[in-house]
Amino acid sequence: MPHADAKFSFPENKRLKSSQRIRFIVAQRKSIAKYPIKCFYQTDFCQTSGGNIRVAMLVSKRKFRHAVDRNRVKRLFREAFRLNYNILTIPNNLNLDICWMFVGQELPEFSTVSKVSIELLKTLQTIINQNISHEKNN
RNA sequence: AAGGAAAACCGAGUUGUCGCAACUGAAAAGUUGAGGAAAGUCUGGGCAACACAGAGCACCAUACUUCCUAACAGGAAGGCGCAGAGAUGCGACAGAUAGUGCCACAGAAAAUAUACCGCCUAAUAAAAGGUAAGGGUGAAAUCGCGAGGUAAGAGCUCACGCCGUUAGCAGUGAUGUUAACGAGGGUAAACCUUAUGGGUUGAAAGACCAAAUAAACCAGGGUAUGAGGGCUGCUCGUCCGACCUGGAGGGUAGGUUGAUAGAGACUUGUGGCGACACAAGUUCGAGAUAAAUGACAACAUAAAACAGAACCCAGCUUACGGGUUUUCCUUUUUU
RNA sequence: GGAUCGGUAGUUCAGUUUGGUUAGAAUACAUGCUUGUCACGCAUGGGGUCGCGAGUUCGAGUCUCGUCCGGUCCG
């Protein structure tokens, strides 16, 4: 499944950085969830520069008071995404933005995070495929 | 050996695969990559802007002495007090004789005093006078205790002890000690007094570059008879001064720098009881900007505590699994 | 990153300036009265480690220090 070049890299253009954009995506409330992760997503059609996935990790300060724990969760999320994002295949005229939000109460293990993120990415792929076929029909 | 006290230190590494940030490099690739507290933001400073930084009041902080330090509420050495069997630990540790206030309830009385039960005076009682030893109240009762003294008593007198002032001696000094004199409730983490110190604001400070627009509209004030401002609570002084305030709206929200070689660290030597200072030599590498250290496997296997740099230092405080070293104390046993 | 305010019955707040020994009000809760019944109303009652730990004091919700938690402001 993975391509020959740039298999698992996580470069700058795959990160969602704008705080305005993150607020917009979370406010749209288009999400799928499986404990302990909630995934907000937003698709945009763009003819010139498409085919890019951007992702951001959100951990509430209320859930984890210490910066160490928040960093830990964000790193686990990023690692799980980095190893598994090749599940997603999107067409060249589409941009996808994702926000992973942690909704659990205790520090997760890497194995559970990885498993859950694979399932979420698969369901996301099916949703995107439905959207694409819907657009084509229109 | 057991129990305890103090000080200093460590805060897991190696290899492989995948990945992140900075730097080097044409590229391949290579090098480096969180802490002892990075934390709390409790002190002090550097740095920067505001008048190169004014005056007075207010306000705040500190409070045994000498020294160290860029500075401090920090540290060292010492004095005094308290705790402990000791090693040691802890201490907002100036002033109540500058003044004002407060001291609930109980109690006669809570501070220029006063007298409930008592005691004494005359033969007794009442009344009157003299007393404060004893009782009782209270957290605290006119210094404690003994002797003299007296009608009974009282710092009324004396010795000893507590406290203050002055003088002598020892000490740089806090202080200790001896003598003389003097007063006698507590409270200053009550107001306050004395001494010393503090200009204000913080890197979201500030500097530069680029991009964009509205020098427009409405209302009020002002234009030298002075609006308003100069990042301070008030007053003064001084400087700038033609725009200022509000409403409704429009635009931008990028980059570089500040920003990581410093009151740096280590070793040796000299001076000092010590904190520390001086000299010589050696050595250095996080610098991000939605924000970098992670995942998996193996290595004797269990990797675990508190915890993540955001301008930088010096300290303090708080959190901390496990471990190492040194010095000292007490008890028991043996020699 | 910096500045600043708060924490008191189940809930919302007083009381902290000037320390004083029953820590109060409203609401909620419980019981009784009222009513044919419920609500309203009336009466009574229970309920508090004053966030936590030290210190000062005879005595601390109040003063001081440390600590934990929560909020607000600064482009």
Side-chain angles (χ1 to χ4, degrees):
Chain A
M1 186 66 182
H3 301 285
D5 54 337
K7 293 174 274 191
F8 304 114
S9 68
F10 191 66
E12 197 85 9
N13 63 353
K14 290 230 181 332
R15 300 179 199 172
L16 180 56
K17 291 187 173 181
S18 165
S19 62
Q20 283 186 340
R21 181 71 181 162
I22 291 170
R23 260 188 235 116
F24 172 76
I25 291 166
V26 173
Q28 290 296 305
R29 301 194 172 199
K30 289 168 71 175
S31 65
I32 52 177
K34 180 169 174 57
Y35 185 84
I37 302 173
K38 193 170 190 181
C39 173
F40 295 92
Y41 64 94
Q42 180 72 25
T43 53
D44 286 311
F45 287 94
C46 179
Q47 296 295 338
T48 53
S49 62
N52 196 17
I53 305 168
R54 293 191 297 175
V55 68
M57 286 76 184
L58 312 179
V59 184
S60 169
K61 199 170 183 178
R62 295 288 170 82
K63 295 229 161 52
F64 298 105
R65 281 190 52 245
H66 296 296
V68 172
D69 300 332
R70 292 197 298 276
N71 281 350
R72 172 82 186 164
V73 173
K74 285 197 279 190
R75 282 166 184 162
L76 290 177
F77 277 16
R78 206 179 62 186
E79 194 68 13
F81 181 78
R82 181 177 73 77
L83 294 172
N84 298 312
Y85 72 84
N86 286 314
I87 292 169
L88 285 173
T89 53
I90 57 173
N92 283 332
N93 61 347
L94 192 72
N95 275 329
L96 177 64
D97 291 345
I98 307 171
C99 290
W100 300 95
M101 183 180 272
F102 185 73
V103 294
Q105 290 292 340
E106 294 176 353
L107 268 177
E109 293 285 319
F110 177 74
S111 56
T112 63
V113 171
S114 178
K115 207 192 304 176
V116 169
S117 56
I118 288 169
E119 293 180 25
L120 281 174
L121 287 170
K122 282 178 178 169
T123 54
L124 197 60
Q125 181 64 50
T126 59
I127 290 170
I128 289 166
N129 289 341
Q130 285 173 9
N131 280 12
I132 290 166
S133 57
H134 192 248
E135 282 285 326
K136 279 177 182 172
N137 293 346
N138 284 5

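Just so it is clear, the values below take in all heavy atoms, side chains as well, and ignore hydrogens, waters and symmetry mates. Note on naming: letters A, B, ... go to the chains in the order of the sequence lines (proteins, then strands), and numbering restarts at 1 for each one.
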Enquirer: Please give, in whole Å, the distance from B:A290 P to A:Ile22 CD1?
Expert: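 Going from CD1 in A:Ile22 over to P in B:A290 covers 10 Å.
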Enquirer: Just the rounded figure in Å: distance from P of B:G294 to CD of A:Glu109.
Expert: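 About 16 Å, once rounded to whole Å.
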Enquirer: Let's test your reading of the pairing rules: Watson-Crick or G-U wobble, both distances under 3.5 Å, then write RNA chain C as a dot-bracket string with ( ), [ ], | and dots.
Expert: ((((((((.[[[[.)....(...]]]].(((((.......))))).....[[[[[..)....]]]]]))))))).
Enquirer: For residues 117-131 of chain A, pull every pair meeting side chain to side chain donor-acceptor pair (under 3.5 Å), keeping only residues two or more places apart or in separate chains.
Expert: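 Applying side chain to side chain donor-acceptor pair (under 3.5 Å) to every pair that reaches into residues 117-131 of chain A, excluding sequence neighbours, yields A:Gln125-A:Asn129.
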Enquirer: For A:Leu76 and for A:Asp69, locate the closest nucleotide of RNA chain B by heavy-atom distance; then report the residue assigned to the nucleotide nearer the 5' terminus.
Expert: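 Its nucleotide being nearer the 5' end, the pick is A:Leu76.
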Enquirer: Sort me out a list of protein N/O and nucleotides 35-38 of chain B N/O pairs below 3.5 Å, or just none if empty.
Expert:
none

Enquirer: Tell me the interatomic distance from A:Asn71, atom CG, to B:A290, atom C1', rounded to whole angstroms.
Expert: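 After rounding, the gap between these two atoms is 12 Å.
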Enquirer: Please list, chain by chain and in numerical order, all residues satisfying side chain to side chain donor-acceptor pair (under 3.5 Å) with A:Arg54, sequence neighbours excluded.
Expert: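 Partners of A:Arg54 under the side chain to side chain donor-acceptor pair (under 3.5 Å) test: A:Asp97.
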Enquirer: CH2 of A:Trp100 versus P of B:A290: gap in Å, rounded?
Expert: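 From A:Trp100 CH2 to B:A290 P: 22 Å.
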Enquirer: Protein-nucleotides 20-26 of chain B N/O pairs closer than 3.5 Å?
Expert:
residue, atom, partner, partner atom, Å
B:C20, OP1, A:Phe10, N, 3.4
B:C20, O3', A:Arg15, NH2, 2.9

Enquirer: What is the separation between atom CG on A:Asn84 and atom P on B:G19, rounded to the nearest whole Å?
Expert: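 Going from CG in A:Asn84 over to P in B:G19 covers 14 Å.
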Enquirer: Starting from the 5' end of RNA chain B, give me the residue, A:Ala67 or A:Arg72, whose nearest nucleotide shows up first.
Expert: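 Checking each residue's closest nucleotide, the 5'-ward one belongs to A:Arg72.
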Enquirer: Whole-Å distance between B:A34 C1' and A:His66 NE2?
Expert: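 It works out to 17 Å between those atoms.
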Enquirer: Check side chain to side chain donor-acceptor pair (under 3.5 Å) between A:Glu79 and all other residues, then give those that pass, not counting sequence neighbours.
Expert: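 Counting only residues at least two positions away or on another chain, A:Glu79 forms a side chain to side chain donor-acceptor pair (under 3.5 Å) with A:Arg82.
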Enquirer: Tell me, yes or no, whether the heavy-atom count around A:Lys115 atom NZ, taken from other residues, nucleotides or ligands under 6.0 Å, exceeds 12.
Expert: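 No, not enclosed.
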Enquirer: With distance as the sole criterion, do the side chain of A:Arg75 and the base of B:G19 form a donor-acceptor contact below 3.5 Å?
Expert: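 Side chain to base: no pair below 3.5 Å.
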